[in-house]
Amino acid sequence: MPGTVPSDRVTAAAAALTVFLTDRQIDAGKLNRFTALCDGIRRTMEFDDRMELAERLERDVPVNDTIRLRSVLFHLTGDLYHLERILHYLILGGDSADPAALHYTHWCISRQLFLGTASGEKMATFVACDLFRYYTAMVRQIARRWGLTPARAAFRDGPIRRVAVVTNQFTNQGHQPTRDCFDFAARMQDDFGLEVAIINVNGMPARVENVFIPPMVAEVTADLEGVYALKMFGRQVKVASFTEPAFSQDKLRVIVEAIDGYDPDLIVAFGGSNIVADLFAEADARPVVAIPTTSSITVSLAHIVLGYEENDHTRSIPALYRAPFARRFRPFTFGFTPPPSDGRRVETGFPDDTFLFAVVGTRLDLEVGAETLELFDEILERCPDSALVFAGEVKELPGRLACLRNRNRMRCLGHVPDIRAFYARCHVFLNPPRQGGGGGASYALAEGVPVISYGSGDVASNAGPAFCVSDRDAYLARAVALATDAEALAEARLAAKARFVEIGDRTRCVERLLAYGEEARTLLRGGPAAGN
């Protein structure tokens, strides 16, 4: 809306949004246009104007669709009050709420939190209080309404012999969580002699269930259906995969019955919000240990919930909400196994003697914002013999580079199949402010590529304090120092490899996982579960 003053822009935006907010026939095309409109407003309108817009919509638009309106207001403002209204509306709806809509909304909200779109003081309690209680109520409602309360299994004497690794998403070996899930399962099987099966629930939304903005539809690999032996990286593990897109009573019943038929001594919930695993945990039917795949609070009902790192993050939860998390928390290191590499040269488009900064991720369009690009631009300004490459699929980022001073020294390479060969060309890993990215940063450390990160998120947890900075000025200074001081770079490269040795021992991680599994069995034998 060029040439308009802020009040005119707010009026125009309100009119445009009202069309979609009041439309009773939202199809896929309209949903996409509605989302694009909200994204554009959030990206281009100043915060104060967005707040005024939100107040105007809340006051003037006659909307009976709570989820639609409140998700838009949150998208505009980042104010968690609006997500609280959605959760309370659904919980107060009781049995009138469709479980599929409850499930879909939970994942839409979780994704927005992961992407860091929330702001304000409410974030300190939202996950531990509102989201966790909503999730707990949802699992219990699904169990009650759909008759999905597994019977308590008889305990076998002796150590753990059979393990079910239950995951919400399992796609391909280019997908970091899939690689990690498979690696944990393969190591338990091959290195520890256990019978292991991966249960691929595809438990994230595979279709839209309501008008939540922005919508969320997870990738499902349709050809991974049924029971089969999956080969990856020279190993083979049994997989039972369920690709039905609908979140339904029939789908969950088949999966629960399949797990009961497999009769595991231990269920490993791979990742949070693992509803199928939590149905067993809530019923105290089988011992469940949850492995987080990110460093934030893990939403789980498992008897034991492991940490992504050794530090007890539950100490940061306000005392009123801490107990359900603290009593189930156990220190852990997620660990990483670098993927194989053929060592073939990765072309970056820059001469061999160029000092290369690397930014790596699968969501760079969302994670690399205007402020971050401005910082990267300044880094290149201070380091004349350097360039910056982005590795990962992108659509919008190349266009946003066009307005930068050093745009000719930045390149988007798209997906890079051999990440280790890529790091062989790079000198420093730059981490944008984000929650994820832990795998990419860990592999950089393994290859001796030092990391620069702010002090929160998965990358900060994996890289450790030595590679974290406090603010923008410190970030800029560290980048310039590594690019211009050969001795500082050499020391940082050694420190990077040493850090990976600390965090990368996946065999030790599996050993600890199984020890916690035995503890969960002991807890379950002793009576009611420790966690709920």
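Below, all heavy atoms of this structure are taken into account, side chains as well, without hydrogens, waters or symmetry copies.
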Do Val256 and Phe280 make a side-chain contact, defined as non-hydrogen atoms from C-beta onward lying under 4.5 Å apart?
yes
A cation-pi test, strictly: NZ or CZ of Arg411 under 6.0 Å from the centre of the six-membered ring of Phe350 and no more than 45 degrees from its axis. Yes or no?
yes
Ser71 side-chain N/O to Phe212 backbone N/O, donor-acceptor pair under 3.5 Å:
no
Please state whether the rings of Tyr443 and Phe336 are parallel, tilted or perpendicular, taking 30° and 60° as the class boundaries.
perpendicular
Taking atom types as modelled, find out whether Asp250 and Ser248 have a side-chain donor-acceptor pair closer than 3.5 angstrom.
no
So, do Arg434 and Asn431 sit near enough that their side-chain heavy atoms are less than 4.5 Å apart?
yes
Can you confirm if the NZ or CZ of Arg315 lies within 45° of the ring axis of Phe329 and under 6.0 Å from the centre of its six-membered ring?
no
Should Ser296 and Val127 count as side-chain neighbours, where that means a heavy-atom distance under 4.5 Å?
no
Under 3.5 Å donor-acceptor, Ser341 side chain and Gly343 backbone
yes
Would you check if there is a donor-acceptor pair between the side chains of Asp278 and Tyr135 at a distance under 3.5 Å?
yes
So, Thr362 versus Glu393: side-chain donor-acceptor pair below 3.5 Å or not?
no
Can any side-chain N or O of Ser316 pair as donor or acceptor with the backbone N or O of His313 at less than 3.5 Å?
yes
Salt bridge (Lys or Arg N to Asp or Glu O under 4.0 Å) between Asp265 and Arg286, intermediate numbers included:
CA-CA 7 Å; Asp265 301 310; Arg286 297 180 188 273; over 6 Å; no
Assess whether side chain to side chain contact (heavy atoms under 4.5 Å, CB included) is satisfied between Ile291 and Phe184, documenting all intermediate values.
CA-CA 10 Å; Ile291 299 179; Phe184 269 103; 4.2 Å; yes
If you draw the axis of the six-membered ring of Phe182, does the NZ or CZ of Arg235 fall within 45° of it and under 6.0 Å from the ring centre?
no
Any side-chain donor paired with an acceptor under 3.5 Å for Thr333 and Glu310?
yes
Does the Asn274 side chain pair with the main chain of Val166, one donor and one acceptor, at a distance under 3.5 Å?
yes
What I want to check is whether the side chains of Ser241 and Glu225 have a donor and an acceptor closer together than 3.5 Å.
no
Is there a salt bridge (Lys or Arg N to Asp or Glu O under 4.0 Å) between Glu519 and Arg330? Walk through the geometry before answering.
CA-CA 11 Å; Glu519 182 186 355; Arg330 302 294 184 274; 2.8 Å; yes
Give me the atom names and distance for the closest heavy-atom approach of His175 to Thr171.
CB-OG1, 3.0 Å
Output yes when a side-chain donor or acceptor of Thr298 lies under 3.5 Å from a complementary backbone atom of Ser300, and no otherwise.
no
Closest approach of Ile198 and Cys181, non-hydrogen atoms and distance?
CG2-SG, 4.1 Å
Determine, stepwise, if the pair His103 / Asp98 fulfils side-chain hydrogen bond (donor to acceptor under 3.5 Å, both in side chains).
CA-CA 9 Å; His103 166 260; Asp98 177 16; over 6 Å; no
Between Arg179 and Gln176, does any side-chain donor sit less than 3.5 Å from a side-chain acceptor?
yes
Donor-acceptor contact below 3.5 Å, side chain Asn462 vs main chain Ser442
no
Looking only at heavy atoms, the pair that brings Cys426 and Val389 closest together is SG-CG2, 4.4 Å
Just wondering, more than 12 heavy atoms not from Gln236 lying within 6.0 Å of its CD?
yes
Give me the atom names and distance for the closest heavy-atom approach of Val459 to Gly436.
CG2-O, 3.6 Å
May I ask you to decide if Gly440's main-chain N or O and Tyr423's side chain share a donor-acceptor pair within less than 3.5 Å?
yes
Contact between Phe192 and Pro159 at the side-chain level, heavy atoms closer than 4.5 Å - yes or no?
no
Should we say atom NZ of Lys251 is surrounded by more than 12 heavy atoms from elsewhere, each under 6.0 Å from it?
yes
Is there a side-chain contact between Val201 and Thr167, using heavy atoms and a 4.5 Å cut-off?
no
Please assess Arg140 against Met138 for the test side chain to side chain contact (heavy atoms under 4.5 Å, CB included), listing each intermediate value before the final yes or no.
CA-CA 5 Å; Arg140 291 172 177 168; Met138 176 179 68; over 6 Å; no
Establish, from distance only, whether the side-chain atoms of Asp39 and His75 form a donor-acceptor pair under 3.5 Å.
yes
Have Asn202 and Gln169 got a donor and an acceptor in their side chains that come within less than 3.5 Å?
no
Just wondering, do Leu513 and Met188 contact through their side chains at under 4.5 Å, heavy atoms?
yes
Applying side chain to side chain contact (heavy atoms under 4.5 Å, CB included) between Phe390 and each of Leu397, Val416, Leu413, report the one that passes.
Leu397
Can you name the closest pair of heavy atoms from Thr221 and Thr243 and give their distance?
O-CG2, 3.6 Å
Would you indicate whether the side-chain heavy atoms of Phe242 and Ile199 approach each other to under 4.5 Å?
yes
Could you go through the side chain to side chain contact (heavy atoms under 4.5 Å, CB included) check for Leu80 and Leu113 one step at a time?
CA-CA 10 Å; Leu80 284 165; Leu113 298 177; 3.9 Å; yes
Can you find a side-chain donor-acceptor pair between Thr105 and Asn210 that sits under 3.5 Å?
yes
Cation-pi check for Tyr262 against Arg162: NZ or CZ below 6.0 Å from the six-membered ring centre and within 45 degrees of the axis, yes or no?
yes
Arg156 and Asp263: salt bridge (Lys or Arg N to Asp or Glu O under 4.0 Å), yes or no, with the steps?
CA-CA 10 Å; Arg156 285 189 285 266; Asp263 194 21; 2.6 Å; yes
Do Tyr475 and Tyr454 make the cut of ring centroids closer than 6.0 angstrom?
yes
With distance as the sole test, does Tyr516 use its side chain to make a donor-acceptor pair with the main-chain N or O of Pro331 at under 3.5 Å?
yes
Side chain to side chain, Val359 and Leu388, heavy atoms closer than 4.5 Å:
yes
For Arg187 and Asp183: C-alpha separation, side-chain torsions, deciding distance, then whether salt bridge (Lys or Arg N to Asp or Glu O under 4.0 Å) applies.
CA-CA 6 Å; Arg187 287 175 183 272; Asp183 190 57; 3.0 Å; yes
